[in-house]
Amino acid sequence: MTADTTDRIVSWHADPSVPRFVPPAGAVDAHCHVFGPMAQFPFSAKAKYLPQDAGPDRLFALRDRLGLSRNVIVQASCHGTDNSATLHAIARSAGRARGVAVVDPAITDIELETLHAGGIRGVRFNFLKRLVDDAPKDKFIEIAHRIKALGWHVVVYFEAGILAELRPFLDAIPTLLVIDHMGRPDVAQGPDGIDMRAFRALLDSRPDIWTKVTCPDRLDPAGSPWDDFARTVAPLVVDYADRVLWGTDWPHPNMQDAIPDDGALVDMIPRIAPTAQLQRKLLIDNPMRLYWPEEAR
Ligand code: 0GY
């Protein structure tokens with residue numbers, strides 16, 4: 001992909017609202033990304049989209065505007081396996097960000113330790129064909145065994161249609177497993193629809209499978225206020241309260257045709273986690289256990 005500035009996509013809201021919901025002090029945005037800045041951290045030659053710069057200053061300004069305290073920065077596919085932009089953002093956070101990396105199977109143990117020292121606590125395996133050229137399951141399993149020694153976890157991104165096919169692979173992951181965006185169910189089916197039933201069966205198969213109850217904007221084509229998302233996801237948050245994470249998904253890669261208002265995304269929180277106890281688990285206790293275990297209560 002060429003790096004012509006004029007082609008570069010903006011996928012985030014220019015002026016997000018201040019949410020009505022006030023997150024509890026210490027709340028974590030456990031799924032967000034940074035893009036570049038490109039002059040410092042060029043995008044991968046294999047990138048499937050070419051975004052405008054969305055670096056740490058913007059991310060941390062949004063964190064403060066939304067009333068959040070910390071970020072978990074997930075390496076975006078446009079940066080390939082070069083995690084420099086993610087590490088740079090973590091280093092700029094004064095301890096308030098950690099990250100999830102995407103690594104090449106040939107990565108050395110010393111490089112993994114350097115990522116750990118830079119705040120990385122997990123690796124992401126992406127199965128979306130529109131984002132990555134290949135997803136080598138055997139190599140991913142090897143990586144998962146290697147990162148287990150560091151106490152990291154695995155994050156997997158896939159769409160509901162391939163869950164059955166992926167089950168043997170997921171079953172073979174030897175670490176705690178976090179599924180991005182609930183494996184992208186069709187939320188119009190409702191909480192008892194075929195996609196959520198299959199996803200619950202996955203969660204029920206192991207106590208160490210967690211999920212991110214994220215991305216109403218991606219999962220609910222009816223659009224804001226994302227009522228299908230709210231009614232489908234709320235029961236999941238109640239039933240798996242100790243295994244759910246929440247995040248903004250800022251800067252919303254590839255959402256340029258339906259850019260969500262980040263304030264409205266925060267206002268989804270009390271609709272899917274209606275009590276103070278559920279909110280505390282979702283926004284503080286669970287992400288702290290996974291990303292800042294040394295500070296977790
Ligand atoms: C997400 C979603 C997407 C993109 C990426 O790494 C990425 O490029 O994560 C997407 O386009 O669905 O998880 O934020």
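All ligand and atom numbering here is 1-based and tracks the order in the structure. Hydrogens, waters and symmetry mates play no part in the numbers below; they use all other heavy atoms, side chains included. Because the structure is predicted, anything quoted here is derived from the model rather than measured.
Taking the side chain to side chain donor-acceptor pair (under 3.5 Å) definition, one finds that Glu113 meets it with nothing, sequence neighbours left out.
Ring centroids of Phe127 and Phe140 are separated by less than 6.0 Å, placing the two rings close together.
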For residues 212-219, which side-chain N or O atoms pair as donor and acceptor with protein atoms under 3.5 Å away, sequence neighbours left out?
residue	atom	partner	partner atom	Å
Lys212	NZ	His31	ND1	2.9
Lys212	NZ	Asp180	OD1	2.5
Thr214	OG1	His181	ND1	2.8
Thr214	OG1	Lys212	O	3.1
Arg218	NE	Asp249	OD2	2.9
Arg218	NH1	Pro253	O	3.1
Arg218	NH2	Asp249	OD2	2.8
Arg218	NH2	Pro253	O	2.8

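Partner of Asp262 under the side chain to side chain donor-acceptor pair (under 3.5 Å) criterion, out of Arg65, Arg63, His252, His13: His252 alone.
Nearest protein heavy-atom contact of atom 9 (O) of ligand 1 is Arg124 NH1, 2.8 Å. Looking from atom 6 (O) of ligand 1 to the surrounding protein, the closest heavy atom is Ser77 N, 2.7 Å. In this structure, the protein non-hydrogen atom closest to atom 12 (O) of ligand 1 is Tyr157 OH, 2.5 Å.
A side-chain donor-acceptor contact under 3.5 Å links Arg243 to the backbone of Leu203.
Residue contact check: Tyr49 has heavy atoms under 4.0 Å from atoms 7 (C), 8 (O) of ligand 1. Less than 4.0 angstrom separates some heavy atom of Pro253 from each of these atoms of ligand 1: 4 (C), 11 (O), 14 (O). Proximity to Leu131 (heavy-atom distance under 4.0 Å) selects the following atoms of ligand 1: 3 (C), 4 (C), 5 (C), 8 (O), 10 (C), 11 (O). Close contacts between ligand 1 and Asp249 involve ligand atoms 1 (C), 13 (O), 14 (O) [criterion: under 4.0 Å to a heavy atom]. Those atoms of ligand 1 that come under 4.0 Å of a heavy atom in His31, given as number and element, are 1 (C), 13 (O), 14 (O).
Under the 4.5 Å side-chain criterion, counting only non-hydrogen atoms from C-beta, Lys281 is not in contact with Val244. Between Ile194 and Asp186, the closest side-chain pair of non-hydrogen atoms is not below 4.5 Å.
Within the structure, the closest approach of Lys48 to ligand 1 does not fall below 4.0 Å when heavy atoms are considered. In this structure, Arg130 is part of the shell of residues with a heavy atom less than 4.0 angstrom from ligand 1. In this structure, His33 has a heavy atom closer than 4.0 Å to ligand 1.
Between Asp53 and Arg8 there is a salt bridge, with a side-chain nitrogen of the basic residue lying less than 4.0 Å from a carboxylate oxygen of the acidic one.
For Arg184, every heavy-atom contact with ligand 1 shorter than 4.0 Å involves the side chain, none the backbone.
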